[in-house]
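Structure first, commentary second.
Starting from 1, each residue takes its place in the sequence as its number.
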Amino acid sequence: MGQKGTETRDRLLTATQELIETGGYYGAGLNQVIAASGAPRGSLYFHFPGGKDQLVGESVRRAGQSIEVALGGLADSDPSVTDLVHGVLRYLGDRLEESGWRNGCPVATVALETAAVNDPLQEACSEVYTSWEAALRVQLTGSPDAEDLAVTILALVEGALLLARAHRSREPLDRVARQVGVLLS
């Protein structure tokens, strides 16, 4: 695939990611993706012959990787686990607030809407959450409950994002940050 094809594919994925993050799976119709990306309809089917589910699945994985890269960047400074989680909550809170409370977790909405009825999208969401859990477990190495703690922290972060978005307030993120400190002490 040439540079133009790669750019078109990237535009389609970016537009899809933005649409699913703000409006969910059902708010990201193919017409909206085409309009937001500026790509021709034929390009969508050329790059994503599996249609909307392939496009959304790849978009979820890509968004998950971008969050994992951000988490990795925070971890590179070798903070304590508590400081790392605080950094993640700050990063996600900034992202949420800067978007006018529209961009919470790039995976959660799709997971909530489709996991029970769409196996390929459930698998994509599961893969992303599994990778985030693994990244947290690495930071918790040496803790006897590293697996349980990683899932607990991820659940706290996801819940805090949902509440922050619903309340349009960072307060749930701040409260979770304080409690993670207590949990890990």
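Residues passing the side-chain hydrogen bond (donor to acceptor under 3.5 Å, both in side chains) test with Arg165, sequence neighbours excluded: none. Scanning for side-chain hydrogen bond (donor to acceptor under 3.5 Å, both in side chains) contacts around Gln54 gives Glu58, with sequence neighbours left out.
Under a hydrophobic-cluster definition in which Ile, Leu, Val, Met, Phe, Trp and Tyr are linked whenever side-chain heavy atoms come within less than 4.5 Å, directly or via other members, Leu162 and Val85 are assigned to different clusters. Under a hydrophobic-cluster definition in which Ile, Leu, Val, Met, Phe, Trp and Tyr are linked whenever side-chain heavy atoms come within less than 4.5 Å, directly or via other members, Leu154 and Leu161 are assigned to the same cluster. Under the 4.5 Å side-chain heavy-atom criterion for Ile, Leu, Val, Met, Phe, Trp and Tyr, Tyr45 and Ile34 are members of the same hydrophobic cluster. Follow the hydrophobic side-chain contacts under 4.5 Å out from Leu163 and you never reach Leu89; the two are in separate clusters. Following chains of ILVMFWY side-chain contacts shorter than 4.5 Å, one cannot reach Trp132 starting from Val151, and the two form parts of different hydrophobic clusters.
Residues Leu173 and Ala160 share a closest heavy-atom pair of CD2-CB, 3.6 Å. Closest heavy-atom contact between Pro172 and Ala164: CG-N, 3.7 Å. Nearest approach of Tyr129 to Cys105, heavy atoms of both residues: OH-SG, 4.0 Å. Nearest heavy-atom pair, Cys125 versus Val110, reported as atom, atom and distance to 0.1 Å: SG-CG1, 3.8 Å.
From Arg61, atom CZ reaches atom OG of Ser131 across 10.5 Å, with rounding to the nearest 0.5 Å. To the nearest 0.5 Å, atoms CG (Leu96) and CD (Glu21) are separated by 9.0 Å. Annotation: the span from Ser37 atom OG to Leu44 atom CG amounts to 7.5 Å, rounded to 0.5 Å. Atom CG of Leu183 is separated from atom CD1 of Ile153 by 6.0 Å, given to the nearest 0.5 angstrom. If you take OG1 on Thr82 and CZ on Arg178, they are separated by 14.0 Å, rounding to the nearest 0.5 Å. Here CG of Asp174 is found 10.0 Å from CZ of Arg90. Values are rounded to the nearest 0.5 Å.
In this structure, Arg95 and Pro106 have side chains that are in contact, with non-hydrogen atoms separated by less than 4.5 Å. Taking 4.5 Å as the limit, some side-chain heavy atom of Tyr91 sits within range of a side-chain heavy atom of Ile67. Two residues are said to be in side-chain contact when any heavy atoms from C-beta on lie closer than 4.5 Å; Pro40 and Phe46 fail this criterion. You'll find the side chain of His47 reaches within 4.5 Å of the side chain of Thr8, heavy atoms only. Under the 4.5 Å side-chain criterion, counting only non-hydrogen atoms from C-beta, Leu30 is in contact with Leu55.
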TODO: Determine, step by step, whether Asn31 and Arg41 satisfy the side-chain contact (heavy atoms from CB on, under 4.5 Å) criterion, reporting the C-alpha distance in whole Å, the side-chain angles of both residues, the deciding distance to 0.1 Å, and the verdict.
DONE: CA-CA 8 Å; Asn31 289 333; Arg41 180 174 297 278; 2.3 Å; yes
- [ ] Take Asp53 and Asn118, measure what side-chain contact (heavy atoms from CB on, under 4.5 Å) needs, and give me the verdict at the end.
- [x] CA-CA 9 Å; Asp53 286 353; Asn118 187 315; 3.0 Å; yes
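Between Glu7 and Arg11, none of the side-chain N atoms (NZ, or NE/NH1/NH2) sits under 4.0 Å from a carboxylate O, so this pair counts as no salt bridge.
For the pair Gln32 (side chain) and Gly29 (backbone), a donor-acceptor distance under 3.5 Å is present.
Residue pairs meeting the salt bridge (Lys or Arg N to Asp or Glu O under 4.0 Å) criterion with at least one partner in residues 136-163, sequence neighbours excluded, do not occur; the list is empty. Residue pairs meeting the ring pair (Phe, Tyr, Trp, His ring centres under 6.0 Å) criterion with at least one member in residues 21-40: none, sequence neighbours excluded. Identified under the ring pair (Phe, Tyr, Trp, His ring centres under 6.0 Å) test for residues 139-185, with sequence neighbours left out: none.
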Expected list for residues 12-20: side-chain donor-acceptor pairs under 3.5 angstrom, two or more places apart:
unit_1 : atom_1 : unit_2 : atom_2 : d
Thr14  : OG1    : Asp10  : O      : 2.9
Thr14  : OG1    : Arg62  : NH1    : 3.2
Thr14  : OG1    : Arg62  : NH2    : 3.2
Thr16  : OG1    : Leu12  : O      : 2.8

